[in-house]
Number of protein chains: 2
Amino acid sequence: LLVESQRDRLEVVLVQPRNPLNIGAAARAMVNFGFSRLTVVAPYEPHWREAKSAVGADDLLQNAKCVERVAEAVADCTLVIGTGTLEHRRPEQTVVALPDLASRIAHELASGGRIALVFGPEKHGLTRDDLALCHLLAEIPTDPRQPSMNLGQAVAVCLYELAARGNAPQKPAREARPESKPASSDSDAAAPASSRDLNLLAEVVAETMQAANYSPRAMQKANRHDLDLLLRRLSLTQTDAQRILGLFRRVLWRIKH
Amino acid sequence: LLVESQRDRLEVVLVQPRNPLNIGAAARAMVNFGFSRLTVVAPYEPHWREAKSAVGADDLLQNAKCVERVAEAVADCTLVIGTGTLEHRRPEQTVVALPDLASRIAHELASGGRIALVFGPEKHGLTRDDLALCHLLAEIPTDPRQPSMNLGQAVAVCLYELAARGNAPQKPAREARPESKPASSDSDAAAPASSRDLNLLAEVVAETMQAANYSPRAMQKANRHDLDLLLRRLSLTQTDAQRILGLFRRVLWRIKH
């Protein structure tokens, strides 16, 4: 089982939930499994904090954060996990079946990271652009004939799995991770980059692309999408991200002057 | 993952559910994880089959059985698993944490058994007498500060666990099981006793107790409760149950004549 200090580093993020009863149900599942950090992104119904379904979770709902964009919600997190089923699209990032997620979670928590578990809106799930902010996708192994779960039930299933097995003995899961770099002996240098670090880096790289006339204007949105995906695939440390950022800032300055 | 023929031998039993939305949510979780057999025991609301929350599960709800007593609902089952949290009482039978249930399930399905997964009413869970009809209790590892789950979410969590891991490689789990009995070489002799077999046996033993003036009338209900528990602890085969039944019928006849 996860201990309290580990549960405190896992955030549940509900993106554009439509039905407040689902927000309340998610909150109830969180207290059932000992989690406390909820962020709601652009909820449809302004009075969601009064959801009757939040049995035993009134405090959690009152203390939940409410923000306008997914990027804000996950800014502090070093591992952003999208959830859902993927029947209608080809995934653009690594997909991990929920029952296989434990060792990855354990690894992240052991290295001091913060995790966001992100759930999309009831009808259509996370958008392609929301997913580009995720390091990986956790897929709940549902029946292909009826894959779409109720939001509150999906949250309960994911939190059950992480609470029960998120502390699993670690396998050597991540490939290109700091431990294998002989140069970085400093332990701070091994801290993973947060979503905020990656977002800042992406902004500067995108600005550099534009300044260098890297590709036509019409391609800028698609380029940014691919860049978001790439940066999350690289498993950068904070130090990595800062170095690359420094390089691009220098390049950008040179182009402009 | 469980295959279709295994899922077909697992029944979900909801005892006295009060809110039809929870019945619908349970049905939805069942189709999400590929299960199809639902029995509702003495539901509070007569129009539960129209529950709007049963997204994609209309057929399942229409085909669900509806009975008056738990014993009827589980009659065909060879392994009856109660669910819930036990904060307020001392369990009278084996308790297995849900994450540890897989090998027990795999064993039962491998030996041709049928499984019932029994959920109590929303407010207070299964009664002591309902639990006496269960071979074991599955406990969802919730936080002791807020252990009580929403019914639909509890069903989703249990079915996720069983669908994902119920086919786990078997450990030598059950101690006193037919394989270890050198006498029973016949494979039919190894078939586990169903709840109906055990109930019939309990009836005849109870009648024998009364005929023999085994204990005062005021003790009869408590005796029956203990007898129900005992019979489920013994892991009897069908053949075991028939033999013991034959003995008690003979004894009863002798006492009466």
Side-chain angles (χ1 to χ4, degrees), chain A residues 1-4 7 19 21-22 24-36 51-60 85 97-102 122-123 139-168, chain B residues 1-4 7 19 21-22 24-36 51-60 85 97-102 122-123 139-168:
Chain A
L1 289 177
L2 287 183
V3 299
E4 186 102 12
R7 287 174 214 237
N19 184 348
L21 290 177
N22 287 333
R28 179 175 184 171
M30 289 181 67
V31 297
N32 285 150
F33 292 110
F35 297 95
S36 58
K52 289 243 189 304
S53 52
V55 177
D58 301 314
D59 288 354
L60 190 151
T85 53
L98 181 62
D100 301 328
L101 195 59
E122 287 91 339
K123 287 279 177 200
E139 195 179 21
I140 304 177
T142 49
D143 192 306
R145 290 167 298 186
Q146 195 63 44
S148 169
M149 289 190 76
N150 163 268
L151 178 56
Q153 289 176 312
V155 172
V157 163
C158 290
L159 295 183
Y160 159 74
E161 176 67 27
L162 299 190
R165 297 197 174 86
N167 220 354
Chain B
L1 289 177
L2 286 184
V3 298
E4 186 102 13
R7 287 174 214 237
N19 184 348
L21 291 177
N22 286 334
R28 179 175 186 172
M30 288 180 68
V31 297
N32 285 149
F33 292 110
F35 297 95
S36 60
K52 289 243 189 300
S53 52
V55 177
D58 301 314
D59 288 355
L60 190 151
T85 51
L98 182 61
D100 301 328
L101 195 59
E122 286 91 340
K123 287 279 176 200
E139 196 180 20
I140 304 177
T142 48
D143 192 304
R145 289 167 298 186
Q146 195 63 41
S148 169
M149 287 191 76
N150 164 268
L151 179 55
Q153 290 176 312
V155 171
V157 163
C158 290
L159 294 183
Y160 159 73
E161 175 68 27
L162 298 189
R165 298 198 175 83
N167 219 354

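Throughout, a chain's letter reflects where its sequence line sits, starting with A, and its residues are numbered from 1.
The two residues A:Arg165 and B:Pro99 come nearest to each other via the heavy atoms NH2-O, 3.1 Å. Shortest non-hydrogen contact noted between B:Gln153 and A:Ala29 is NE2-CB, 3.8 Å. Here the shortest heavy-atom pairing between A:Pro141 and B:Tyr160 reads CD-CE1, 3.8 Å.
Under the 3.5 Å distance criterion, the side-chain polar atoms of B:Arg145 are left unmatched by any main-chain donor or acceptor of A:Gly34.
Neither the backbone nor the side chain of B:Ala57 comes within less than 4.5 Å of any heavy atom in chain A. Proximity to chain B is absent for every atom of A:Ala97, based on heavy atoms less than 4.5 angstrom apart.
With values rounded to the nearest 0.5 angstrom, B:Arg7 atom CZ is found 6.5 Å from A:Asp143 atom CG.
Ranked by non-hydrogen atom pairs under 4.5 Å with chain B, the options A:Val31, A:Ile140, A:Asn32, A:Thr142 are led by A:Asn32. Among the candidates B:Ala164, B:Ala163, B:Ala25, B:Cys158, the residue making the largest number of heavy-atom pairs closer than 4.5 Å to chain A is B:Ala25. The greatest number of non-hydrogen atom pairs below 4.5 Å with chain B, out of A:Val155, A:Asn150, A:Leu159, is found for A:Asn150.
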